[in-house]
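Worth saying up front: this structure is predicted, and the values here are computed from it rather than measured.
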Amino acid sequence: MGGDELAREKMLKQKRERKIIAFTGTAALLAIVVNFAISAFNSYKEKRRKKDLPGSCVRINLSAAEIRKLADRIIAKSKEVHDTVASVSVDKVTYQDVISLAELEAKHFPLVQSCIFPRLVSTTEDVRKASAEAEQRIDIHVSMCSKREDVYRVVKAFASRGKWISAEFQCYIHCLVRDFEQNGLSLTLAKREEAQRLRAQMDEQSLQYIRNLNDDCNSLNFSEAELDGLPSEFLQSLDRAENGKFKVHLRSNHVSPLLELCKVGKTRKKVALAYGQRCKEVNMPLLENLVQLRHKYARLLGYENFADYAASSRMAKTSSKVFEFLENISTSLSDLAAKELAILKDQKKKDEGDSPFGIEDLLYYVKRIEEQKFNLDFGALKQYFPLNLVLHGIFKILQNLLGLRFDETSGAEVWHHDVCVFSVSDSSSGELLGYAYLDLYSREGKYGLTCVVPLQNGLLLSGGARQVPVVLLISNFHKEVGDHPALLRYSEVVNLFHEFGHVVHHLCNQATLGRFSGLRVDPDFVEIPSQLFENWCYESSILKLISGFHQDITRPIKDDICMSLQRWRHSFSALKLRQEILYCLFDQIIHSADNVDFLELFKYLHPKIMLGLPVLEGTNPASCFPHSAIGYEASCYSRIWSKVFAADIFVSKFSDALLNQYVGLQFRNKVLAPGGAKDPVESLSDFLGREPSIQAFVDSITLSSSL
Ligand SMILES: *[C@@H]1O[C@H](CO)[C@@H](O)[C@H](O)[C@H]1NC(C)=O
Ligand SMILES: *[C@@H]1O[C@H](CO)[C@@H](O)[C@H](O)[C@H]1NC(C)=O
Ligand SMILES: *[C@@H]1O[C@H](CO)[C@@H](O)[C@H](O)[C@H]1NC(C)=O
Ligand SMILES: [Zn+2]
């Protein structure tokens with residue numbers, strides 16, 4: 001439990017959304033459309049259309065009726081095409097049959113996305129509803145197509161002949177076959193039915209697990225004295241029980257501030273305990289059962305266990321590699337983590353006397369020491385980050401570093417007048433690389449989290465021309481009101497850099513096929529560019545470039561603040577990371593072995609990884625650890641993975657070359673351009689001149705520590 005888990009819970013929600021969005025991408029791929037008549041959609045180039053973006057097939061601001069009609073046609077066309085492919089005889093299937101699938105998928109993707117993204121951003125409820133329904137219908141259709149044996153047999157027959165015209169095409173066919181086979185299509189009918197049954201049970205139980213957590217509305221009552229340390233605005237926001245006590249709900253928005261700020265150790269413990277026991281009775285057996293189903297499923301497909309199945313299509317490749325990775329990092333950080341813990345324990349002794357230090361004290365004392373040490377007032381810091389200034393700083397950085405020029409396009413069709421559209425071009429050749437829609441401000445009905453949605457993939461069209469990528473960034477900043485400009489919290493600045501990492505990743509892609517374009521890459525790799533860009537926000541020269549006091553933007557933030565931010569970034573990070581590793585190991589172990597006793601496992605792992613701190617008796621992540629239930633099962637490690645290799649890239653190549661275009665272009669060409677068809681380890685090795693390693697990450701934490 002603790003801050004990490006809470007933060008990750010939020011992240012998971014975001015991830016889950018992104019997964020849905022990414023899944024739609026797969027949808028577009030599999031809903032193959034031979035001879036897809038793009039002209040069929042010409043009727044959607046409505047008369048009221050404002051300015052078209054040359055090269056973009058994305059339909060903007062469709063009405064509910066238009067979305068429904070478009071979804072109908074997509075599904076009908078896709079079905080027709082699947083039937084056509086299925087009717088090809090397996091000994092006559094040609095390159096043309098198969099490559100046309102990829103070509104036409106290119107045309108399909110932006111249309112599918114046109115139906116789906118309004119769910120997140122449209123200003124009218126009936127459009128959002130039509131969009132959500134269209135998404136559901138398309139997903140169901142795609143899921144059906146991905147289980148079509150007749151189509152699989154044709155593709156497989158072609159694959160077995162092994163005649164390839166390019167490595168990327170070979171990889172494409174390989175992925176098509178793999179996707180079918182992961183759905184059980186290479187199995188006998190009886191086994192396939194078994195796999196489908198398991199899949200359905202797994203889906204249902206995962207949802208039930210999440211539903212149980214969402215429905216849990218337990219709360220605790222505390223007096224004002226028991227909540228000492230919490231700001232009065234927070235107390236005022238709480239409901240009151242009949243006896244006048246404050247009601248603390250077991251939700252991260254209540255638990256998180258309480259564990260960070262409440263001075264009363266007993267209260268923290270009570271809350272941590274209750275929070276870690278949520279859904280104990282219902283979810284523990286549910287997850288046990290779910291894990292067994294997952295193992296069964298993986299074994300049907302020929303894997304030893306579920307963790308190996310999950311790793312097989314990722315950079316890590318095997319579960320044993322994941323263990324090695326987690327253990328290496330954990331070991332490298334153990335000395336520093338022990339020093340960090342000693343400091344926290346000392347402080348507790350000073351504040352609270354001899355009561356032993358527990359896991360429930362971690363966040364509070366981290367915060368307490370940080371306040372003494374860093375003198376960072378994040379509320380005041382906000383005054384230095386007007387959104388427009390930060391945004392233009394980011395554009396400047398991307399231009400200098402990656403040779404990307406962002407120009408605002410006026411008059412393009414949008415769904416709300418706050419949305420800005422940018423054309424992005426190569427700053428030396430002037431070549432158009434793509435478009436970015438920025439929908440930055442919160443408003444009613446809009447999706448509440450930050451995310452990046454690919455709207456059209458970059459790829460090579462059959463005639464030899466490139467189709468440009470189109471991308472949408474959604475965030476929820478508060479808009480300027482009167483004289484008050486939109487100001488960003490520092491964490492929002494970091495977040496914006498992160499999301500721009502995804503944006504440029506999508507835009508810089510030079511893959512031939514949409515299947516490997518933009519963000520459709522190895523899931524262990526997809527967060528690396530975005531994690532990488534976060535590093536810029538901690539560098540003094542960059543902070544000065546993107547900041548300015550809002551009433552006098554010529555005054556950037558001061559040197560001492562920059563230094564503090566740098567030191568603050570790594571404070572207690574060894575300990576925090578060990579806590580994250582604890583959960584990752586738990587996740588990895590339950591998914592790689594049979595009949596694990598979850599309670600015993602956690603009891604054993606907790607003190608081992610957390611340097612002797614015992615588990616809070618009765619708590620267990622198995623019952624309230626949504627990552628292991630849905631979306632992140634057996635892959636919780638991936639967040640640390642991408643952070644570690646992003647640090648490797650930054651430290652080895654960029655820390656002395658923050659705006660060096662030579663290095664930036666190498667990165668753009670060697671890492672961002674190849675896309676998902678190239679093994680990411682190869683791309684990274686090509687750029688780094690060696691295999692990626694964890695050393696730079698470990699050094700950056702241990703060397704920057706002032707302990
Ligand atoms: C909190 O107080 C209410 C009375 O307002 C009571 O019904 C409830 O049981 C109390 N909860 C706990 C956990 O003590
Ligand atoms: C773990 O450390 C060992 C020894 O230093 C090294 O050989 C291995 O490559 C590392 N593995 C990973 C996944 O980092
Ligand atoms: C979106 O389309 C509707 C008509 O369907 C129109 O009234 C509205 O002004 C359009 N929105 C924008 C921002 O152009
Ligand atoms: Zn991300």
Checklist entry - Taking it one step at a time, do Phe525 and His505 satisfy ring-ring contact (aromatic ring centres under 6.0 Å, His included)? => result CA-CA 11 Å; Phe525 176 73; His505 189 183; 5.8 Å; yes
Decide, yes or no, whether a salt bridge links [X] with [Y] under the criterion of side-chain N to carboxylate O below 4.0 Å.
X: Asp361; Y: Arg368; result: no
X: Arg268; Y: Glu360; result: no
X: Lys247; Y: Asp239; result: no

Measuring only between side-chain heavy atoms, which start at C-beta, is [X] closer than 4.5 Å to [Y]?
X: Phe533; Y: Ile397; value: no
X: Arg314; Y: Trp641; value: no
X: Leu238; Y: Val248; value: yes

Short question: side chain of [X], backbone of [Y] - any donor-acceptor pair under 3.5 Å?
X: Asn476; Y: Tyr447; result: yes
X: Ser332; Y: Val698; result: no
X: Asn660; Y: Phe654; result: no
X: Thr267; Y: Glu226; result: yes
X: Gln399; Y: Arg405; result: no
X: Arg569; Y: Gln566; result: no
X: Lys269; Y: Gly358; result: no
X: Ser530; Y: Glu499; result: no
X: Arg489; Y: Phe385; result: no
X: Asp228; Y: Ala225; result: no

Checklist entry - Could you walk me through whether Asp418 and Lys479 pass the salt bridge (charged side-chain N to carboxylate O under 4.0 Å, His left out) check? => result CA-CA 9 Å; Asp418 281 348; Lys479 215 179 158 181; 2.8 Å; yes
Mind listing the closest non-hydrogen atom pair of [X] and [Y] along with its distance?
X: Ser540; Y: Cys562; result: OG-CB, 3.5 Å
X: His478; Y: Ala486; result: O-CB, 3.2 Å
X: Val644; Y: Ser693; result: CG1-O, 4.4 Å

Next on the checklist: Hydrogens and angles aside, do Gln695 and Asp699 bring a side-chain donor and acceptor to less than 3.5 Å of each other?
Outcome noted: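 A pair is found: one side chain offers a donor N or O, the other an acceptor, under 3.5 Å apart.
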For atom [atom1] of [X], is the number of surrounding heavy atoms from other residues, nucleotides or ligands below 6.0 Å larger than 12?
X: Lys263; atom1: NZ; result: no
X: Asp483; atom1: CG; result: no
X: Lys270; atom1: NZ; result: no

Checklist entry - Is there a side-chain hydrogen bond (donor to acceptor under 3.5 Å, both in side chains) between His502 and His506 once you walk through the steps? => result CA-CA 6 Å; His502 290 308; His506 187 71; over 6 Å; no
Item to check | Partners passing side-chain hydrogen bond (donor to acceptor under 3.5 Å, both in side chains) against His550 (at least two apart in sequence or in another chain) | outcome: Gln383
Next on the checklist: Would Tyr637 and Asp524 count as a side-chain hydrogen bond (donor to acceptor under 3.5 Å, both in side chains) here? Give the steps.
Outcome noted: CA-CA 9 Å; Tyr637 73 88; Asp524 277 351; 2.7 Å; yes
Item to check | Aromatic Phe687 / basic Lys653 pairing, under 6.0 angstrom, 45° off normal | outcome: yes
Item to check | Aromatic centroids of Trp568 and Phe378 separated by under 6.0 Å | outcome: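 So the answer is yes for these two rings.
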Checklist entry - Is it true that Phe549 and Tyr384 have ring centroids separated by less than 6.0 Å? => result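 Close enough - the centres of the two rings lie under 6.0 Å apart.
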Checklist entry - Can you check side chain to side chain contact (heavy atoms under 4.5 Å, CB included) on Tyr364 and Glu260, steps first, answer last? => result CA-CA 4 Å; Tyr364 176 78; Glu260 275 191 356; over 6 Å; no
Next on the checklist: Pair Leu391, Phe395 - check side chain to side chain contact (heavy atoms under 4.5 Å, CB included), show working.
Outcome noted: CA-CA 6 Å; Leu391 208 54; Phe395 291 152; 4.1 Å; yes
Checklist entry - Can you check side chain to side chain contact (heavy atoms under 4.5 Å, CB included) on Glu371 and Lys367, steps first, answer last? => result CA-CA 6 Å; Glu371 269 167 7; Lys367 181 100 181 164; 3.7 Å; yes
Next on the checklist: Ser623 vs Arg278, test: side-chain hydrogen bond (donor to acceptor under 3.5 Å, both in side chains). Steps then yes/no.
Outcome noted: CA-CA 7 Å; Ser623 64; Arg278 278 169 306 151; over 6 Å; no
Checklist entry - Would you call the rings of Phe650 and Trp536 parallel, tilted or perpendicular if under 30° counts as parallel and over 60° as perpendicular? => result perpendicular
Checklist entry - When rounded to the nearest 0.5 angstrom, what distance separates CG in Leu326 from SG in Cys584? => result 5.5 Å
Next on the checklist: Checking Tyr365 now: which residues fulfil ring pair (Phe, Tyr, Trp, His ring centres under 6.0 Å) with it, not counting sequence neighbours?
Outcome noted: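 By the ring pair (Phe, Tyr, Trp, His ring centres under 6.0 Å) rule, Tyr365 matches no residue at all.
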Next on the checklist: If you apply the rule salt bridge (charged side-chain N to carboxylate O under 4.0 Å, His left out), what do you find for Lys544 with Asp559, and how did you get there?
Outcome noted: CA-CA 9 Å; Lys544 296 199 170 210; Asp559 287 313; 2.9 Å; yes
